[in-house]
Amino acid sequence: MKKLSIILGALSMCISLTAANKITGKVIDESSNQSVEYANVRLMAQDSTFITGAATDNGGNFLLKEVKDGDYILYISCIGYVDSYLSIRNLKENLQLGEVSLSPNNILLEGITITASPIIKKTDRQIILPTEVQTKAASNGLTLLRNLQLARIIINPIDNSIKLPGGDHVQLRINSVEVTQAEVTAIRPADIIRIEYIDNPGARYGNAGAVLNYIVKRKESGGNISADLSNGVSDTGYGEHNLSAKYNFNKSAIITTVYWGRRDLKWTRENYESFRFPETYQENKEIGEPTKIKYDDVNFNLNYSYQDNDKHFLNIALRNKYTDTPNSMSDRISTLHEGETSYSISDLTSSKMQIPSLDIYYQTNLKNKQTIYADIVASYLNSKNERTFLQKNLSNEDTNIYSQTKGRKYSVIGEGIYEKQFNKGKFTGGIKHTQAYLQNRYSGNIDNKITMNTAETYLFAEYESQIKGLNYTVGIGGMRTYNSQDNHSSEEYIFKPTLSLSYSIHGKWFFRYNGYVSGYAPSLSDLNDISQAMDKYQIRKGNPALKSVTFYANTLSASWQSKYISLDLFGRYSYDDKPIMENTYYEDGHFIRTTENHKGFHRINLETAIQIRPYKEYISIKITPFLNRFIGYGNTYTHTHTNVGLRGNLMAMYKNWVLMAEMNTSNHTLWGETLTKEEKLHTIMAGYNTEKWSISAGVLNPFTKKYEHERENLSKLAPYRQLAYSKNLSPMFMVNVSFNLDFGKKQNNQGRRINNKDVDTGILSGSK
């Protein structure tokens, strides 16, 4: 331990014993003289009682405010460094410590306790340092995330999926490597150093709405075996199982993870349809029976990494994703009433998909704070889908639709990034290219083969710096998309500038603005030059003439925090120019449902998150009222919708015990002519955690008799309303058991910065 002694004399005039002083300083690396980010700075009384704390910013600076006169111990710690203690005596005025150096430690320090959960606000992200209470009350990386109650992060208790309001994708990473939800579940909470919540990801992370990057420790020898098992008790058709094994030797590490998710439940569907034929009007009412939904989802990952200190990092990953769905979510067995005539409906779909991939990643650190990252991913997607639709009545008036689709897709994704750090800024530039070949074979009622070649190239450059208290990031990028299919081909270019500004006032108020222009290409399934019958009245049709979409977004957020209350304000306006939305028209006796580029689509999202901590960090209550406004301008229609709702969450943690209760009202999403009303959720769970094992139990939706969601189509020609619900999931009692068997010493784990994958099969489905 390095101990420094700073004795301050009474050099200034006498002031009140209750005077408030400031302590400032800068933490640097003793060997390189570089600033140390996110070091934990704690001020303690002479009896080691915690007084206040902070974390260093990206320049290594820290500030402790409102410190009364007296004697103190300043404790500075950071992962990978020897702890430093400074004695401060007879403090009577503001104290400037200057540079405080930390000595690097080759062995990761153990037993560091964070007693106040600092949240460091930056231009593009929040840095969260979990507290000891939050960590001890968690059994894995996912439950720790739930304990943190991060703004705008929603964790579905049914399938543990992580998303943003409105359904935007949340990208998960471990040490900057993109991973699956199963790999996050396999993380031991004690190994998590911090979580980077990149809530302003920009174009660098594709179309992700947010990024959660877990920074974790790695062992230098030995390994770990862990499991996290969740099962339904009141209904045994639910299961989420995760297994993980890790072994480290010298500079190498081998990690394997296996995830098995299963469902064997029953859902009931009700469909209400209207058809405006040229000469007649018809209404259909379809009442369903409980119909089985069953699938097995198995993901396997084998990862080898080699790390040569801080100079080179090589990672090779072999992955395989396998999904078997003998009974899909869209299956239905029902009775259809067409006026005075009744029909029996059987609409059953099964599918299998396997995606093996090889991912090779390399990172090297050069002189003068330069780093190069490179990644190449090769994937093969093999899929098979079958659908059988049968509609008949007592007069044997049958409608029989059978389709089978076999798909193959080969893709290569390559990416390279260059990064250069300056004294007061950072430059990042890169290129990413995706090349794919797709072949889908359709048989049954139709017989066709679709062959497609697609390519997408993205170039970007970004500079981050600050002017006094104003932090800014300026970026410029360009994207080229190319698609070819038989005699159709398209090539488009999209310009992608970005601007981010952030400013902090007195360390309590934080303001941030982000504006960018982006774009996205049409999905491969929408581009298919194919038609699939949905039923005897409707046909789903692809559109190879679709064009890429330009997307504009502006976000303004503000946050304020005190000892007992935190406030987060969020407002976002976005606009899609020529969006790819649905269109329905009548042709040759059928209603054709397809997609095309329309005029424009506007979104307004407003949220206010209020977090109250009435009893230290042991109890936390979070309430989030929200408002969503949608305005869609189609080529032949205009639709608007406003959704007001509320999310609430209670976390109570004491020692190894945790109690969680949450409630979400329905979140609505309008896109094109379809309004989706998500399920209402409420959950109560309690558990006990130790370092090696944990157990928890709870009930999902205890106050309702059915778990349901609704979808409504607003078309003038063929509107419909679909209601799907399950009594298996409401209420459903669950139990979770996990264990960790750990051995070996620990060290820092250098992480990957980039990772890519391809899971788009490009198959056009005729299911409703």
Working to the nearest 0.5 Å, report the span between CG of L717 and OH of Y586. 10.0 Å

Going through the checks in order, is the side chain to side chain donor-acceptor pair (under 3.5 Å) test met by Y259 and E240? CA-CA 8 Å; Y259 162 78; E240 294 278 328; 2.8 Å; yes

Residues R262 and D296 bridged, charged N to O under 4.0 Å: no

Hey, are D331 and K292 close enough for a salt bridge, meaning a charged N less than 4.0 Å from a carboxylate O? no

If the threshold is 4.0 Å, N to carboxylate O, is there a salt bridge linking D375 and K432? no

What distance do D535 atom CG and L390 atom CG have between them, rounded to the nearest 0.5 Å? 12.5 Å

Criterion side-chain contact (heavy atoms from CB on, under 4.5 Å) on N554 and Y516, from CA distance to verdict: CA-CA 7 Å; N554 289 274; Y516 66 90; over 6 Å; no

Atom of L172, atom of Q181 and distance for their closest heavy-atom approach: CD1-CA, 3.7 Å

From CA spacing to verdict: side chain to side chain donor-acceptor pair (under 3.5 Å), Y295, D264: CA-CA 7 Å; Y295 71 77; D264 191 354; over 6 Å; no

With distance as the sole criterion, is a donor-acceptor pair present between the side chains of Y552 and S574 under 3.5 Å? no

Modelled atom types, side-chain donor and acceptor of H639 and E673, under 3.5 Å: yes

Pair E491-Y493, side chain to side chain donor-acceptor pair (under 3.5 Å): steps then yes or no: CA-CA 7 Å; E491 182 179 21; Y493 296 85; 3.0 Å; yes

Which heavy atom in Y482 sits nearest to a heavy atom in S489, and how many Å separate them? OH-CB, 4.3 Å

Just checking, is any N or O donor in the side chain of Q282 or N284 under 3.5 Å from an acceptor N or O on the other one? yes

On a heavy-atom basis, the closest approach of S342 and H337 is OG-ND1, 3.0 Å

Name of the residue among Q391, R332, R269 meeting side-chain hydrogen bond (donor to acceptor under 3.5 Å, both in side chains) with D347: R332

Run the side-chain contact (heavy atoms from CB on, under 4.5 Å) check on K706 and S726 step by step: do they pass? CA-CA 6 Å; K706 58 185 179 180; S726 174; over 6 Å; no

Between E596 and K547, is there a side-chain N and carboxylate O pair less than 4.0 Å apart? no

Among T325, T323, D324, whose side-chain contact (heavy atoms from CB on, under 4.5 Å) with D297 holds? T323

Is N543 reaching over with its side chain to a backbone N or O of T595, donor-acceptor style, under 3.5 angstrom? yes

Evaluate ring pair (Phe, Tyr, Trp, His ring centres under 6.0 Å) for F591 paired with F277, printing each intermediate quantity in order. CA-CA 9 Å; F591 293 91; F277 293 93; 5.2 Å; yes

cation_pi(R603, Y573) dist<6.0 Å, angle<=45: no

Distance from Y725 atom OH to E679 atom CD, nearest 0.5 Å? 16.0 Å

Assess whether salt bridge (charged side-chain N to carboxylate O under 4.0 Å, His left out) is satisfied between R480 and E492, documenting all intermediate values. CA-CA 6 Å; R480 171 189 178 265; E492 296 183 64; over 6 Å; no

Give the C-alpha distance, both sets of side-chain angles, the deciding distance and a yes or no for side-chain contact (heavy atoms from CB on, under 4.5 Å) between S346 and L348. CA-CA 6 Å; S346 174; L348 305 177; 3.8 Å; yes

Before you tell me yes or no, could you show the steps for R173 and Q171 under side chain to side chain donor-acceptor pair (under 3.5 Å), namely the whole-Å CA-CA distance, both residues' side-chain angles and the distance that decides it to 0.1 Å? CA-CA 7 Å; R173 292 175 176 251; Q171 192 178 102; 2.5 Å; yes

Of all heavy-atom pairs between V549 and I494, which one has the smallest distance, and what is that distance? O-CD1, 3.7 Å

Between the side chains of T704 and S730, is a donor N or O closer than 3.5 angstrom to an acceptor N or O? yes

Rounded at 0.5 Å granularity, tell me how far CZ in F570 sits from CG in L556. 9.5 Å

Enter the distance from N440:CG to T405:OG1 here, rounded to the nearest 0.5 Å. 7.0 Å

Check whether any side-chain heavy atom of T642 lies under 4.5 Å from a side-chain heavy atom of F630, and answer yes or no. no

Nearest-0.5 Å distance, CG of residue L381 to CD1 of residue I355: 4.0 Å

Between R441 and D447, is there a side-chain N and carboxylate O pair less than 4.0 Å apart? yes

Presence of salt bridge, E710 and R721, under 4.0 angstrom: yes

Between Y707 and N728, is any side-chain donor less than 3.5 angstrom from a side-chain acceptor? no

On a heavy-atom basis, the closest approach of N628 and H668 is ND2-O, 4.0 Å

Between T665 (side chain only) and L646 (backbone N and O only), is there a donor and an acceptor less than 3.5 Å apart? yes

Centre-to-centre under 6.0 Å for W671 and F601, is that the case here? yes

Do R319 and D359 pass the salt bridge (charged side-chain N to carboxylate O under 4.0 Å, His left out) test, and can you show the C-alpha distance, the side-chain angles, and the key distance before you say yes or no? CA-CA 8 Å; R319 300 185 177 93; D359 185 346; 3.3 Å; yes

Are R711 and E678 within salt-bridge range, i.e. N to O under 4.0 Å? no

Charged N-O contact under 4.0 Å between E338 and K285: no

Please tell me if the side chains of H682 and L700 come closer than 4.5 Å, counting only heavy atoms from C-beta onward. no

I want to check something: taking the side chain as every heavy atom from C-beta on, are I287 and S334 in contact at a cut-off of under 4.5 Å? no

Side-chain heavy-atom pair F460, I476 within 4.5 angstrom cut-off: no

Does the Lys NZ or Arg CZ of K496 fall within the cation-pi geometry relative to Y458 - under 6.0 Å from the ring centre and within 45° of the axis? yes

Check whether any side-chain heavy atom of T674 sits under 4.5 Å from a side-chain heavy atom of E582, and report yes or no. yes

Closest heavy-atom pair and its distance - R593, T584: NH1-OG1, 3.2 Å

Keeping R387 on the side-chain end and M534 on the backbone end, is there a donor-acceptor pair under 3.5 Å? yes

Verify the distance criterion only: is there a donor paired with an acceptor across the side chains of Y272 and E270 at less than 3.5 Å? yes

Between H598 and Y633: side-chain donor-acceptor atoms closer than 3.5 Å: no

Step by step, would you call E708 with L723 a side-chain contact (heavy atoms from CB on, under 4.5 Å)? CA-CA 7 Å; E708 63 181 7; L723 181 66; 3.8 Å; yes

Please confirm whether the backbone N or O of E289 pairs with a side-chain atom of T291, one donor and one acceptor, at under 3.5 Å? yes

Geometric class of the Y537/F275 ring pair [parallel <30°, tilted 30-60°, perpendicular >60°]: tilted

